[in-house]
Amino acid sequence: MSQLPSISCLTIVPLLGALAVLLLGAKSAQLARWLALAIALIALAITLVLWHRFNPAYDGLQFEEVHAWIPVLGVQYHVGIDGLGVLMLLLSAIVVPMAMAASWQIEEKTSLYFSLILMLQAGLFGTFTALNFFHWFLFWELSLIPAFFLIRLWGGSQRATAATQFFLYTMVGSVALLLAFLAIFLCTGKFDFMDLAEMARNGKLLPAFTALSGWHAFTTEKVALVLCFGAFLGFAVKVPLVPFHTWLPATYAEAPTGTTMLLTGAMSKMGLYGFLRILLPIFFVELRWVRTPLLWLAVATIVLSAYAALAQKDLKRIFAYSSINHLGYCMLGIFSILKVTGNDPAFATEKIAALDGVFLQMFNHGLTAATLFWFVALLEKRSGGLRGIDDFGGLRKVVPVLCGLMGIALFSSMGLPGLNGFVGEFLIFKGTFPLAIWPASVSVLGLLSTAIFILTILQRVFSGPLQERWLQMPDLTMGERLTLFPPIALMFALGLFPQLILGVVNSTAMQMVRQLRF
């Protein structure tokens, strides 16, 4: 256990910051912005310290804290991180300041807006570090509340419908997740993820479900599948996985851009993290039983969302469906490693490659998708709120810097070699093809569709004849260029030196493959 409770400090900072910003009230809007940004940068600094102190050679949990909380219920304050955890903390700490910068012009209830962002950040930090379900679920739900109000109070004309849809979908998933883990606790007396994963590895978890096997004459295996599906639903809605995705396009389109950046850049990773940290280690036997339909759900997520993006005219909706598409590659990689391969070292290597690709794709997608929505906000600001793909044309003639930088982010999303989007997708397909050749082959159609709609954006928005009404459109200011420089620089850095992340997460991927007994 670390002498300094680094993880607790990291989680407390945005919580206290949210309270401080809220207390400033409506009369100190500018101060609220700067204070919130300062707190977010402090959280980023703490995260960078954790990243620097993290030991990639050690494949266990680090910075672990364990304290008794409610012993009679098996509830502990148990936090810790491995390579995946520290990566998600870093992603969250990067995306939040970006979202604040994109929301700088918010004038209505400014202190409340930035306070809710900090509260959401605390929920993210808690979700990516808590290892006891009771403790973890509090943060899982904490992130839902500020997200709902950010959409409902500052969204577009259809914000009420979008916020309600978002809340209902995620709440249904959360209820299913809660019921599943309450049933697990009744059978095992445990809430700790590490303990439950150890029981699953030792073959003791499935027999424990015998206590519920008499319910409607269910066998132990059927009970296990029902509990697995309950947990699966909670995470599938959050990612989202087709067909649980229908809340996302309207929510992303109606939410204020800063909130959309948080939803796609960080909150969607909560679902993927749940699959990797909770569902896969605890229910790997049950997931293996349904591996084939899960793989084809991932394929549907990749291909159908990519083709849906082709049919959109609104830039935010295009990038919303693109987000589903890119997260589908992560699900494909996760489900592919469920294949039973024995002790064959060649297949173990492919599973590690697939998981490395998933980790890298999670970070790269969060960075790139958030940046793309930021560029949409910059276009809206200059066009009086327009963001249709046919509303522009020839913009590179009047705003070359904006078009150039946005083009880099678009090529990153397309997976162009040399940028960060390429390596993660390459590793996922490298690992997935030997493990699930047909799903991987069909998923390539998603790559083709992505290239088509991104090149369409480049053609219709940046090229062609310039409309007269955009002749005086201003290019990026020096302040906007400076704030956009870090994410753009990261796209190049991770595209050329992916080892910056792979060197940290590879040991975690190796450990997962070893512990899952495949």
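This chain uses plain numbering: 1 for the first residue, then up along the sequence.
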**Test log, rule side chain to side chain contact (heavy atoms under 4.5 Å, CB included), inputs T129 and L10** = CA-CA 10 Å; T129 57; L10 178 63; 5.7 Å; no

**Sub-4.5 Å side-chain heavy-atom contact between L205 and E286** = no

**Request:** Measure the CG-CZ distance between L144 and F139 for me, rounded to the nearest 0.5 Å.
**Result:** 15.0 Å

**Prompt:** When you measure from the side chain of Q62 to the backbone N and O of N55, does any donor-acceptor pair fall under 3.5 Å?
**Reply:** yes

**Item:** M510 CE: over 12 foreign heavy atoms closer than 6.0 Å
**Value:** no

**Heavy-atom check, side chain of I39 versus side chain of Q121, under 4.5 Å** = no

**Message:** With rounding to the nearest 0.5 angstrom, report the CG to NZ distance, L177 to K238.
**Reply:** 10.0 Å

**CG-CZ distance between L84 and F363, expressed to the nearest 0.5 angstrom** = 12.5 Å

**All ring pair (Phe, Tyr, Trp, His ring centres under 6.0 Å) counterparts of F185, not counting sequence neighbours** = F191

**Prompt:** What heavy-atom pair brings F54 and I81 nearest, and what distance separates the two atoms?
**Reply:** CE1-O, 4.0 Å

**Message:** Checking L276 against L355 for the side chain to side chain contact (heavy atoms under 4.5 Å, CB included) test, could you report, in this order, the C-alpha distance in whole Å, the side-chain angles of both residues, the deciding distance, and whether it holds?
**Reply:** CA-CA 9 Å; L276 292 163; L355 277 181; 3.8 Å; yes

**Message:** For the CZ atom on F148, are there more than 12 heavy atoms of other groups (residues, nucleotides or ligands in this structure) within a distance under 6.0 Å?
**Reply:** yes

**Message:** Any heavy-atom pair between the side chains of E425 and L447 that's under 4.5 Å?
**Reply:** yes

**Prompt:** Does W51 CH2 have over 12 foreign heavy atoms under 6.0 Å away?
**Reply:** yes

**Closest approach of G258 to A99 (non-hydrogen atoms, all atoms of both residues)** = O-CB, 3.4 Å

**Asked** With distance as the sole test, does S115 use its side chain to make a donor-acceptor pair with the main-chain N or O of L112 at under 3.5 Å?
**Response** no

**Request:** Might you point out which heavy atoms bring A102 and M261 nearest each other, and give the distance in Å?
**Result:** CB-SD, 3.5 Å

**Request:** Could you please spell out the steps behind the side chain to side chain contact (heavy atoms under 4.5 Å, CB included) verdict for H365 and L327?
**Result:** CA-CA 8 Å; H365 169 264; L327 295 171; 3.8 Å; yes

**Message:** Are more than 12 heavy atoms, taken from residues, nucleotides or ligands other than L138, located less than 6.0 Å from that residue's CG atom?
**Reply:** yes

Please tabulate, for the side chains in residues 496-508, all donor-acceptor contacts under 3.5 angstrom to protein atoms that are two or more places apart in sequence or on a different chain.
unit_1	atom_1	unit_2	atom_2	d
S507	OG	P56	O	2.8
T508	OG1	G83	N	2.8

**Asked** Can you check whether F232 and F275 have ring centres sitting under 6.0 Å from each other?
**Response** yes

**Asked** Taking K269 for the side chain and V239 for the main chain, is one N or O donor matched with an acceptor at less than 3.5 Å?
**Response** no

**Full working for side chain to side chain contact (heavy atoms under 4.5 Å, CB included) between N132 and W69** = CA-CA 11 Å; N132 184 282; W69 190 356; over 6 Å; no

**Request:** Check whether any side-chain heavy atom of W438 lies under 4.5 Å from a side-chain heavy atom of V299, and answer yes or no.
**Result:** no

**Message:** To check you understand the geometry: which heavy-atom pair defines the closest contact between G446 and A306, and what is its length?
**Reply:** O-CB, 4.0 Å

**Message:** Suppose we call two aromatic rings close when their centres sit under 6.0 Å apart. Are F429 and Y329 close by that rule?
**Reply:** yes

**Prompt:** Which atom names give the shortest non-hydrogen contact between H245 and P249, and what distance separates them?
**Reply:** O-CD, 3.5 Å

**ring pair (Phe, Tyr, Trp, His ring centres under 6.0 Å) between W140 and F235, intermediate numbers included** = CA-CA 11 Å; W140 175 269; F235 301 133; 5.6 Å; yes

**Asked** Can you check whether I42 reaches P14 side chain to side chain, under 4.5 Å on heavy atoms?
**Response** no

**Message:** If I take atom OG1 from residue T259 and atom CH2 from residue W154, how far apart are they, to the nearest 0.5 angstrom?
**Reply:** 8.0 Å

**Prompt:** Is the shortest heavy-atom distance from the side chain of T368 to the side chain of M491 under 4.5 Å?
**Reply:** yes

**Asked** Is the distance between the ring centroids of F283 and W289 under 6.0 Å?
**Response** no

**Message:** Nearest 0.5 angstrom please: T371 OG1 to F319 CZ, how far?
**Reply:** 11.0 Å

**Prompt:** With no hydrogens and no angle check, do the side chains of E141 and S174 hold a donor and an acceptor under 3.5 Å apart?
**Reply:** yes

**Request:** List the atom of E65, the atom of S6, and the distance in Å for their closest heavy-atom pair.
**Result:** OE2-N, 3.8 Å

**Prompt:** Counting distance only, does the side-chain N/O of H135 pair as donor-acceptor with the main-chain N or O of L131 below 3.5 Å?
**Reply:** no

**Request:** Check whether any side-chain heavy atom of L120 sits under 4.5 Å from a side-chain heavy atom of L116, and report yes or no.
**Result:** no

**Request:** State whether the side chain of K339 and the backbone N or O of P434 hold a donor-acceptor pair below 3.5 Å, judged by distance alone.
**Result:** no

**Item:** Beyond-backbone contact of T260 with T251, side-chain heavy atoms, under 4.5 angstrom
**Value:** no

**Asked** Once you round to the nearest 0.5 Å, how far does SG of C228 lie from CD1 of I184?
**Response** 9.0 Å

**Parallel, tilted or perpendicular, as decided by the 30° and 60° cut-offs, for the rings of F193 and F133** = perpendicular

**Request:** Say whether Y273 and T127, considering side chains only, have a donor N or O and an acceptor N or O under 3.5 Å apart.
**Result:** no

**Message:** Tell me whether T301 contacts the main-chain N or O of V242 through its side chain, where contact means a donor paired with an acceptor under 3.5 Å.
**Reply:** yes

**Message:** Can you confirm whether the side chains of T246 and Y169 place a donor and an acceptor under 3.5 Å from each other?
**Reply:** yes

**Message:** Would you say N364 and S412 are linked by a side-chain donor-acceptor pair, where the criterion is simply a distance under 3.5 Å?
**Reply:** no

**Asked** Donor-acceptor pair, N325 side chain versus I302 backbone, under 3.5 Å?
**Response** yes

